[in-house]
Engineer: 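If you scroll down you'll find the structure; I have some questions about it.
When a residue number appears, it is its place in the shown sequence, counting from 1. None of the values given here were measured: they were computed from a predicted structure.
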Amino acid sequence: MKMTARFLARVSRHPNDNRVHWLAWALLGLLLAALPWLVASGFGNTWLRILNFALLYVMLALGLNIVVGFAGLLDMGYIAFYAVGAYLWALLASPQFGLHWPLWAILPLGAGLAGLFGVLLGAPTLKLRGDYLAIVTLGFGEIIRIFLNNLNAPVNITNGPQGISAIDPVHIGSLSLARPIDLGFVQVPSLVSYYYLFLIAALVIIGIALRLERSRVGRAWAAIREDEVAAKACGINTRNVKLLAFAMGATFGGVAGGLFAGFQQFVSPESFGLLESVMVLCMVVLGGMGHIPGVIFGALLLTVLPEFFRHIAGPVQQSLFGNVLIDPENLRMLLFGLSLVLVMRYRPSGLWPSPQRRREIEDVQRADAPADVPVSPM
């Protein structure tokens, strides 16, 4: 009788739980839909532009999370795939070659080409792990950047260090997102239109990442991350699975790169340096490796936080000392670096780790700590 009563209680609570669940998702959807208007009216177009870049970094971080978080492969050259997608858009939708292809043709092609480059990177590194893999992938990222920087002679393809300008903005049919869109009852500014496009792309990538995490391939990635030798002994084809991780992560980077080129309407090799790769890796690690909500949170935080420090560095010094003693740009990076150090010191598993990662860190701390010292929760 007690078991029956508990079962009926769970069943009776189930509809209410579902209603609360769907209500929460509906409120989140309304917030995301209204967010660009709230940001533009409250903080101006500068912060709305930062919000658009934050969504691009969300796509990049989710792609790198497949390689680093799911499969446990340390990739320091991930920004190269971002560059591949951006330059493909720039070459096929600009006066550089006189081509003006539409969005639906360039974006899948950019994703496919970036995925191919991911396989080309992964193939020679299949037997490398840890620091050795990081060094090789770092070199790959620098090779792509230098290649783009020097591909202006003897035949000018990328316009070298000057970059490619006058890139076509994103067009959806006859609508250009570079101009305000008049819907009759409201006029949608260009930055708001780009926000909705980036949001849709980010939601699609989040959905794909969630499905991959719960799929058979996702479990194979997790097995390789934990112990590659044991995974291979269990019958997992580690070669194909690792190549698939590189390809899928690179595909997300190619999509983000194409959207970046259409949004910025200018690309140059300086946009794809080593610091960008480090920033995307920080987003994954600080948010919580392998945990999709944590990675999204890390990408949003590390996009907004430096700009926040940039805006407050000058006024705070002016109010405290009556003068600006340290250049706001330098102080911004100092505060940003200090924040990273503090997070890694007190939250080694990330700001929003997965439950499994949190348990692993706690187990390591418990094993290393003396018997009379309590272990602090992550």
Engineer: Has D131 got more than 12 heavy atoms of other residues, nucleotides or ligands less than 6.0 Å from its CG?
Structural biologist: no

Engineer: Indicate the atoms forming the closest heavy-atom contact of N156 with N159, along with that distance.
Structural biologist: OD1-N, 2.8 Å

Engineer: So for atom CZ, which belongs to F266, do other residues, nucleotides or ligands contribute more than 12 heavy atoms lying within a distance under 6.0 Å?
Structural biologist: yes

Engineer: Would you mind telling me which of L177, L51, N45 makes a side chain to side chain contact (heavy atoms under 4.5 Å, CB included) with L191?
Structural biologist: N45

Engineer: So how far is it from I208 CD1 to S215 OG, rounded to the nearest 0.5 Å?
Structural biologist: 12.0 Å

Engineer: Within the 3.5 Å criterion, strictly below it, is a donor on Y87 or Q96 matched to an acceptor on the partner's side chain?
Structural biologist: no

Engineer: Step through the shown structure and confirm whether more than 12 heavy atoms of other residues, nucleotides or ligands are within 6.0 Å of CD on Q162.
Structural biologist: no

Engineer: Checking Y132 against T137 for the side-chain contact (heavy atoms from CB on, under 4.5 Å) test, could you report, in this order, the C-alpha distance in whole Å, the side-chain angles of both residues, the deciding distance, and whether it holds?
Structural biologist: CA-CA 9 Å; Y132 301 99; T137 54; over 6 Å; no

Engineer: For the ring pair F263 and F53, is the centre-to-centre distance below 6.0 Å?
Structural biologist: yes

Engineer: Could you tell me the separation between the CD1 atom of I146 and the CG atom of L151, rounded to the nearest 0.5 Å?
Structural biologist: 13.0 Å

Engineer: Let me confirm one number: the CG-CG distance from L286 to L305, rounded to the nearest 0.5 Å.
Structural biologist: 10.0 Å

Engineer: For A80 versus G141, what's the shortest heavy-atom pair and its separation?
Structural biologist: CB-CA, 3.9 Å

Engineer: Evaluate the ring planes of F198 and Y194, with Trp represented by its six-membered ring, and classify them as parallel (under 30°), tilted (30 to 60°) or perpendicular (over 60°).
Structural biologist: tilted

Engineer: Any side-chain donor-acceptor pair under 3.5 Å between S268 and E270?
Structural biologist: yes

Engineer: Should we say atom CZ of F97 is surrounded by more than 12 heavy atoms from elsewhere, each under 6.0 Å from it?
Structural biologist: yes

Engineer: For the atom pair CZ (F336) and CE (M279), what is the distance rounded to the nearest 0.5 Å?
Structural biologist: 3.5 Å

Engineer: Is there a path of hydrophobic side-chain contacts, each under 4.5 Å between heavy atoms, that joins L210 and L28?
Structural biologist: yes

Engineer: Any salt bridge linking E213 with R219? Criterion: basic side-chain nitrogen under 4.0 Å from a carboxylate oxygen.
Structural biologist: no

Engineer: Atom CD1 in I181, atom OH in Y196: separation rounded to 0.5 Å?
Structural biologist: 11.0 Å

Engineer: Taking the six-membered ring for Trp, are W101 and H171 ring centroids under 6.0 Å apart?
Structural biologist: no

Engineer: Should the pair F260 and F272 be assigned to parallel (<30°), tilted (30 to 60°) or perpendicular (>60°) ring geometry?
Structural biologist: perpendicular

Engineer: Just how far is it from atom CZ of F70 to atom CG of L62, taken to the nearest 0.5 Å?
Structural biologist: 8.0 Å

Engineer: Starting from the C-alpha separation in whole Å, work towards a yes-or-no answer on side-chain contact (heavy atoms from CB on, under 4.5 Å) for T251 and F81.
Structural biologist: CA-CA 8 Å; T251 298; F81 311 122; over 6 Å; no

Engineer: Indicate, with yes or no, if L212 and V119 share a hydrophobic cluster defined by side-chain heavy-atom contacts under 4.5 Å among Ile, Leu, Val, Met, Phe, Trp and Tyr.
Structural biologist: no

